[in-house]
Protein chains: 2
Amino acid sequence: MTETAVGSSAVESAAALKAHPESKSQQAYAAVKARIVEGAYTPGYRLVLAKIAEDLGFSVVPVREAIRRLEAEGLVKFERNVGATVSGIDPTEYLYTMQTLSIVEGAATALSAPLIDSVAIARARAVNQEMRECLEHFDPVRFTALNQDFHSVLFEHCPNPHILDLVHRGWNRLASLRSSTFRFVPGRAQESVREHEALLQLIEGAADADTIEKAARQHRAATLDAYLAQANPDH
Amino acid sequence: MTETAVGSSAVESAAALKAHPESKSQQAYAAVKARIVEGAYTPGYRLVLAKIAEDLGFSVVPVREAIRRLEAEGLVKFERNVGATVSGIDPTEYLYTMQTLSIVEGAATALSAPLIDSVAIARARAVNQEMRECLEHFDPVRFTALNQDFHSVLFEHCPNPHILDLVHRGWNRLASLRSSTFRFVPGRAQESVREHEALLQLIEGAADADTIEKAARQHRAATLDAYLAQANPDH
DNA sequence: TTCATAGTTATCGTATACGATTTCGTACTT
DNA sequence: AAGTACGAAATCGTATACGATAACTATGAA
């Protein structure tokens, strides 16, 4: 656990199982994606095809394909005859992404809830405990990773892989924006940890789907709201 | 209105505004997508790169890119060293898609509702009236198209393009499956038209977001349920 | 100095070419 | 007759090459 990059599609992870040597286009995709998610390529970074191709030792064709895939996921902006850049930190885009995430995470949580057993709950709780410790040591990077782990545990048996895929895409997008909860709103992280515990109790108590969905949705939405309140103090 | 194909991403439609001659990869994407959505290429159809390239008068490289994009949207399955086929009509996939659609359509409707004016309501009502007429003449293809028109009117001022994009992707996926409401469950279409009217009344009455979201979500979910009930009569 | 313009360079977009892999058909064996 | 092994054809994956486009730079005019 605690990897930052998140496999984006069910199709993709299935393909990864095959013994095949990965296609170069696939390798290029993974490599560039990793650099973006890890922050080596920051928003606005100019992705020159020939340069990346040379770095990887490939030709440009598979690199193009990779970039196009990343574009489809929203991690990259590709303009005709101009080139590709890592998607920027446009606040509007942030809003869209967070709002969409709140919806799909809410749904994913509600759908998964009935399938979460006590073992998973315990594991999630352990992760949440680690998150508390991160707060003390002030380790925002690890905190963000653990936050994904926490929710990943809940989504382990999510009955709808499409929705899970949407969640992962949102996460990767946020990762590319380097938007840790810490950075945007101090204090929100503490609240987040508390909400995690509340969520676990709802799931343990077999609360109805609607209640759980609202709580999960609100959990994400609150982070967005906190950001907006900070960005526009003219409340 | 009443086109069957639905532009899939905000980025894409923005790009379409530029005076640029479309890139060939873009043209290939549009062409193949249209054939899939219109049903010229049915599920399972083998997409041979060289053949498509020859048809369009392009080389294979831009066609590959186009296919990859369609893969990302779930319209095409692309297997390494084997080739691309139009995604199949797996009932499980249908379930996933419909469930996801119910969630994103619900959210899109709720978000859009406060921004829908009386003119738009009237237009939506007119479309719904046309749908009623389709029922009499038994025109399922047009019915499906009008159904998209109806919801498109509601989504016209949707404040979150990401969510709208997800809706469109779902629609295209369903279109590629050739799954008209008619085909799957006779009688469901009539119900659908009634639900449209109910939805309009909720919006006119400025019902709260939660109520509207639930109604819109249920509207889609009911079609899925009807299908499932028919597929597994062992209730 | 600032703006416009022409020429240069960097980069993209696509065609072509060819090696690699899979699939299909055929002959051979049991 | 059924199954296996081999060879041929089809198709894919990627490298290379080159024309097209946009970005940059330098030069000259206002």
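The figures that follow rest on heavy atoms only: side chains count, while hydrogens, waters and symmetry mates do not. Throughout, protein chains are lettered first and strands after them, A, B, ... in sequence-line order, and every chain is numbered starting at 1.
Among C:dT22, D:dT14, D:dA22, the nucleotide with an atom closest to any side-chain atom of A:Ser59 is D:dT14. Here C:dT22 is the nucleotide among C:dT22, C:dG13, D:dT14 with the atom lying nearest to any side-chain atom of B:Val82.
Separating the CD atom of A:Glu22 from the P atom of D:dT14 is a distance of 11 Å, rounded to the nearest angstrom. Whole-Å rounding puts the B:Arg64 CZ to C:dT14 C1' distance at 14 Å. A straight line from CD1 of A:Ile52 to P of C:dC12 spans 9 Å, rounded to a whole angstrom. When the P atom of C:dA10 is taken as reference, atom NZ of A:Lys51 falls 14 Å away, rounded to whole Å. If you take CD of B:Glu79 and P of C:dT21, they are 16 Å apart, rounded to a whole angstrom. Remark: C1' of C:dA20 and NZ of A:Lys24 are 12 Å apart, rounded to the nearest angstrom. Between the CG atom of B:Leu49 and the P atom of D:dC12 there is a distance of 4 Å, rounded to whole Å. Summarising the geometry, the separation between CG on B:Asn81 and P on D:dA9 is reported as 20 Å, rounded to the nearest angstrom.
Within the structure, no pair that satisfies the side-chain hydrogen bond (donor to acceptor under 3.5 Å, both in side chains) test touches residues 45-55 of chain B, not counting sequence neighbours.
Ring geometry for B:Tyr94 versus B:Tyr227: interplanar angle over 60°, hence perpendicular rather than tilted (30 to 60°).
Not counting sequence neighbours, the partners of A:Tyr96 by the ring-ring contact (aromatic ring centres under 6.0 Å, His included) test are B:His162.
Taking the nucleotide of DNA chain D with the nearest heavy atom to each of B:Val61 and B:Leu47, the more 5' of the two is matched to B:Leu47.
Across every non-hydrogen atom of A:Leu49 and A:Ile67, the tightest pair is CD2-CG1, 3.7 Å.
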